[in-house]
S.K.: 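Below is a structure I'd like to ask you about.
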Amino acid sequence: MAIRSKLTATVSLPACAAALAGLASPAAAQDPVESAEGGDEDVIIVSGYRASLESAIAEKREKDQIIESVSSEDIGKLPDASIGESIARLPGLTSQRISGRAGYISVRGFGPDFSSTLLNGRQQTSTSDNRGIEFDQYPSEIVSSVDVYKSPSANLVGQGLVGTIDIRTIRPLDKGEQVIAVGARGVHADLGKLNSGSDDFGYRAFGTYVDQFANDTLGLALSVAYSKEPYQTEEFEAWGYADGPDGNQVIGGVKPFVTSSNLKRLGVNGTIQYQASPTTMLTLDGFYSDFDDTNIKRGIEIPLAWSGAQLSPTGLEVNDGLVTGGTFSGVEAVVNNHNYVRKAKLYSGGFNIAHEGDDGWNVNADVSFSRTDRNELILESNAGTAPGGGTGATDTLTFRSTTSGTFFTDQVLDYSDPALIQLTDPLGWGGGAPGGRQHGYYNDRIVEDELWQFQADIEKELAGGFLRSIEAGFNFVTRQKTLVPDEYFLHLSGDRLQAQVPDQYLLEPTNLDYLGLGPMVSYNPLDLLNGGEYVIVPNEAEDVLFKSFAINEDIMTFYAQGNIESDLGSALLTGNFGVQAIHTDQSSTGFVNTGAAQGIIERTLGDNYWDVLPSINLSLRFDSDFIIRVAAAREIQRPRLDDMRVNFSYGVDPIEAIVTGSGGNPYLRPYRATAFDLNFEKYFGNAGYLAAQLFYKKLHNYIYTAERPFDYSSFPVVDPGYPFSYQGRISAPINGDGGEIYGVELAGTLPFDTFVSALEGFGVTGGVSYTKSKIQPDPDSPPSDIPGYSRWVANGTAYFEKGGFSVRGSMRYRSTFLGDFSGFGANRVRRRAKAETIVDAQIGYDFQPGSTLEGLSLFLQGFNLTNEPFVAINPGEPLQVMNYQNYGRRFMGGFTYKF
């Protein structure tokens, strides 16, 4: 908390003056200003994107941990359209796209399961099933900056295994001036309106008010952002690949869809600060998000080799063991109209008291709350030529399987004919359903996530000596997350086996020309359900009950840390060392199939344990603006919440005469690792830097699903009438062996005028990282990739900014990775995602001081300009495309105006 006088002395005074002036007046251009000494001196005051870069560089430079940072260009104006996009451009980071937008962040090549996200330093609940934050929930317009910690410290609570992302909002007293800003953006998806009733144009709007009162002792900041944005996707999905003729593989079936999404989001953030005394600050802040993502998905599900369809032996095309062309006859297709409605509300807030005493004693106390309520409804409706399979008209389709999916020609049936395509159970999927029919399915997943956090710490500043200060603290987090599935079969009302879609519900046919299938019958299943065409019948199957879970965690953290600041020869040594002691008490409540007379019972199981996490961060700072950083730490990442569910079923295996079962594991321990980092950083004032970062992590364990011995003697078991053993097996997530992760990152920001004054305004920023993973959770299995892990990650931005005019182009690349996909019932499915390169660009103009329109900024942005698809394949089979998603390009134009 004390000002590091020795540290700031190593920074050039003109650079500091320029940076501070830029932060105080971010909308200003190049103007002469009066120097701090009272004389006149020309100081370049940067604004916009360059000011954002300089602020981020200053943050990276001063921190003792290894971090990456992004700052807003101005109020309500992050460098990109979303938080996810901005974070994904930082060195060593990238994203996994959701409907074409950056929804999940990967740090150092690893997926969201291995990092954590904070809001103003506080842990948050999630709109996902697990811990990973979906960044769509946070409007970019309310964010002031984002810090990504790649190395932990003892006083950083809630840290992740590969990184900790801390989203920061505006602090009004830090801003130090009144600001009123408004802005709006129009959005266009260039794929057009793929489904009837969808949009290809949308908008975003925001307003921010920041002010100070009572002689700058009371501050208020309020931001409101609303968006209504369309997303369009052309999607191919394969069922899989079956055994075909002559030992070759052939497409087993396909699920092509066109998806139209309408994303509505309201975000409100408010902060009140009160300087109660020169040494005491009170801060109250809150955040609210109302998120509504409504999708309509329409397509034709086509069973091929895995059905009664016949593959003609003539005219086959084969490439490297895969039948890539041929003709199927006797094809019975299912015409799908699906509604996906995802609603989530997030509430978050906290109160903080910070006291910085004149006697060197500093005290901080914080209490915060976070809650997420989410409903995810998946409503599927089936239609075809006749019920039951084998009785209706069939199609003959010539297909071609390519690296972009499977396409069709020579179609016989007209799938847009409502007299031919009727509501029914075309393939008899409802054989196990009540009444033996399934005309559709209703799956509502209800998720509630609540978290309370309490923290208190104390610091004593020391005069002289090796240590600048020592501090100690306590943090307590209690969290409960529940998932309840509410699932039903859809039956046509009146016990009908099939029915034509009533005329009042028919919509303009959806076109599937991108797959060669032409138009199809279109309607809204929710309208049919609400209109009484469907009735719902509960699905009382055991597997539905076992999808539910309730996880409780009480996590108590104690920490102590020493902060270093000492001369070391001609250099300055800064840093920290400390330790966290964490006690975890975890429990899971769910259902167990005992196999006995009482059947399924509710049970609560869990465990408690300690983790001790030492850490050290050292930065050797030279007068030449060169810094060497060394960091070492013990790190943990808590398991996925759905892996911790207690639910499992079991029974006696008649062949082995032992009890076997499967389910979750409420006794799971965290991922644990020991990490080392070594950084070399060269700064050019606050304008630019170059860095080489090396890291190594030794994973002491890894969570994977496997069979293991299990003692069922404490569980009731139905006697099968013959001798058996309670010493059996269970298939569940376990803490297996670990492995090694290591890599190197090269990063930098270079304004060209640092070297050539004639190139003022030009510059580049970005980085490239290479990560190697050697994970072998099971000694008897070969090493495998961690989900979300990319070996190569690169990003870069070239920019020009001068006289209010700005233009920049950005590229983001990640190599192939094992991705998480949502299967039926939102079950997790993993496939090999192919490498992708995303290209974006922006052009803008800020009206200059003294002009009539001073304070107005105009901009135009283009995203995914090369129309890069998302492609996933069967692992090890490059020709077997499982997913091909085309998101198209997106364009956004708008303005911000700061009074």
Side-chain angles (χ1 to χ4, degrees), residues 195-198 253 255-258 260 294-303 307-309 330-341 377-395 411-444 486-512 517-540 824:
N195 280 297
S196 175
S198 67
K255 287 176 60 177
F257 283 99
V258 289
S260 300
T294 300
N295 294 344
I296 184 72
K297 298 186 71 167
R298 297 190 175 105
I300 305 174
E301 194 158 3
I302 305 175
S307 73
V331 176
E332 295 182 88
V334 181
V335 175
N336 293 318
N337 284 258
H338 297 341
N339 284 121
Y340 289 72
V341 182
L377 173 62
I378 304 172
L379 181 61
E380 301 185 349
S381 170
N382 304 323
T385 59
T391 60
T394 61
D395 207 349
Q411 174 181 325
V412 174
L413 297 183
D414 179 5
Y415 291 99
S416 66
D417 182 359
L420 174 67
I421 305 300
Q422 300 191 21
L423 304 173
T424 189
D425 183 2
L427 297 181
W429 285 343
R437 60 191 188 278
Q438 179 178 324
H439 300 135
Y441 201 77
Y442 182 105
N443 182 1
D444 190 12
D486 192 20
E487 302 187 20
Y488 302 85
F489 297 102
L490 291 186
H491 286 182
L492 287 167
S493 58
D495 289 329
R496 295 172 293 171
L497 294 181
Q498 69 182 80
Q500 188 170 327
V501 179
D503 290 343
Q504 66 268 32
Y505 298 117
L506 284 173
L507 302 173
E508 181 182 346
T510 292
N511 201 313
L512 301 178
L517 292 173
M520 58 166 278
V521 169
S522 299
Y523 54 90
N524 189 334
L526 273 174
D527 291 344
L528 270 66
L529 178 62
N530 295 332
E533 293 296 319
Y534 285 125
V535 295
I536 56 175
V537 179
N539 184 351
E540 298 176 346
F824 178 74

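In this text the structure is predicted, and so the values were computed from the model without any measurement. Residues take their numbers from the sequence shown, with the count starting at 1.
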S.K.: Do you know the tightest heavy-atom contact between T424 and P387?
M.R.: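 Here T424 and P387 meet closest at OG1-CB, 3.0 Å.
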S.K.: Quick one: do the N524 and N339 side chains pair a donor with an acceptor below 3.5 Å?
M.R.: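 Distance-only check passes for N524 and N339.
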S.K.: Hey, does the side chain of S522 reach the backbone of M520 with a donor-acceptor pair shorter than 3.5 angstrom?
M.R.: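 Pair found, side chain donor or acceptor close to backbone of M520.
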S.K.: What are the two closest heavy atoms between H491 and R437, and how far apart are they?
M.R.: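 Looking at all heavy atoms of both residues, the shortest contact is NE2-O, 2.9 Å.
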S.K.: Compare all side-chain heavy atoms of E380 with those of Y340 and state whether any distance is below 4.5 angstrom.
M.R.: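 They are in contact (side-chain heavy atoms under 4.5 Å apart), so the answer is yes.
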S.K.: Scan N337, I421, L506 and name whichever one has a side chain to side chain contact (heavy atoms under 4.5 Å, CB included) with V501.
M.R.: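 It is L506, the one option of N337, I421, L506 that forms the side chain to side chain contact (heavy atoms under 4.5 Å, CB included) with V501.
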S.K.: Provide the closest heavy-atom pair for E533 versus Y505 in the form atom of the first, atom of the second, distance.
M.R.: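 E533 and Y505 have their closest heavy atoms at CG-CE1, 3.9 Å.
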S.K.: Backbone N or O of V412 within a donor-acceptor pair of the D395 side chain at under 3.5 Å?
M.R.: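 Yes, the answer is positive, given that a donor and an acceptor are paired below the 3.5 Å cut-off.
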S.K.: Hey, does the side chain of H338 reach the backbone of K297 with a donor-acceptor pair shorter than 3.5 angstrom?
M.R.: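 No, H338 side chain to K297 backbone: no donor-acceptor pair under 3.5 Å.
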S.K.: Please give me the minimum heavy-atom distance between S493 and V535, naming the atom from each residue.
M.R.: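 The pair with the smallest heavy-atom distance is CB-CG1, 4.1 Å.
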S.K.: Looking at L507, N336, N511, which hits side chain to side chain contact (heavy atoms under 4.5 Å, CB included) with R298?
M.R.: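 Result for side chain to side chain contact (heavy atoms under 4.5 Å, CB included) with R298: L507.
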S.K.: Looking only at heavy atoms, which two atoms of P538 and F489 are closest? And how far apart?
M.R.: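 That closest heavy-atom pairing would be O-CD1, 4.2 Å.
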S.K.: Please report the closest heavy-atom contact between A309 and V331, naming both atoms and the distance.
M.R.: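 Closest heavy-atom pair between A309 and V331: CB-CG2, 4.0 Å.
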S.K.: Looking at E540, I'd like to know if its CD atom is crowded, meaning that more than 12 non-hydrogen atoms belonging to other residues, nucleotides or ligands lie closer than 6.0 Å.
M.R.: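 It does not: E540 CD has 12 such atoms or fewer within range.
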S.K.: Under 6.0 Å between ring centres: does that hold for Y488 and Y441?
M.R.: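 No - the distance between ring centres of Y488 and Y441 does not fall below the 6.0 Å cut-off.
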S.K.: When you measure from the side chain of T294 to the backbone N and O of V341, does any donor-acceptor pair fall under 3.5 Å?
M.R.: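 Not at all, since once roles are kept as given, no pair shorter than 3.5 Å links the two residues.
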S.K.: Taking the side chain from Q498 and the backbone from A386, do they hold a donor-acceptor pair closer than 3.5 Å?
M.R.: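 Between the backbone of A386 and the side chain of Q498 there is no qualifying donor-acceptor contact (under 3.5 Å).
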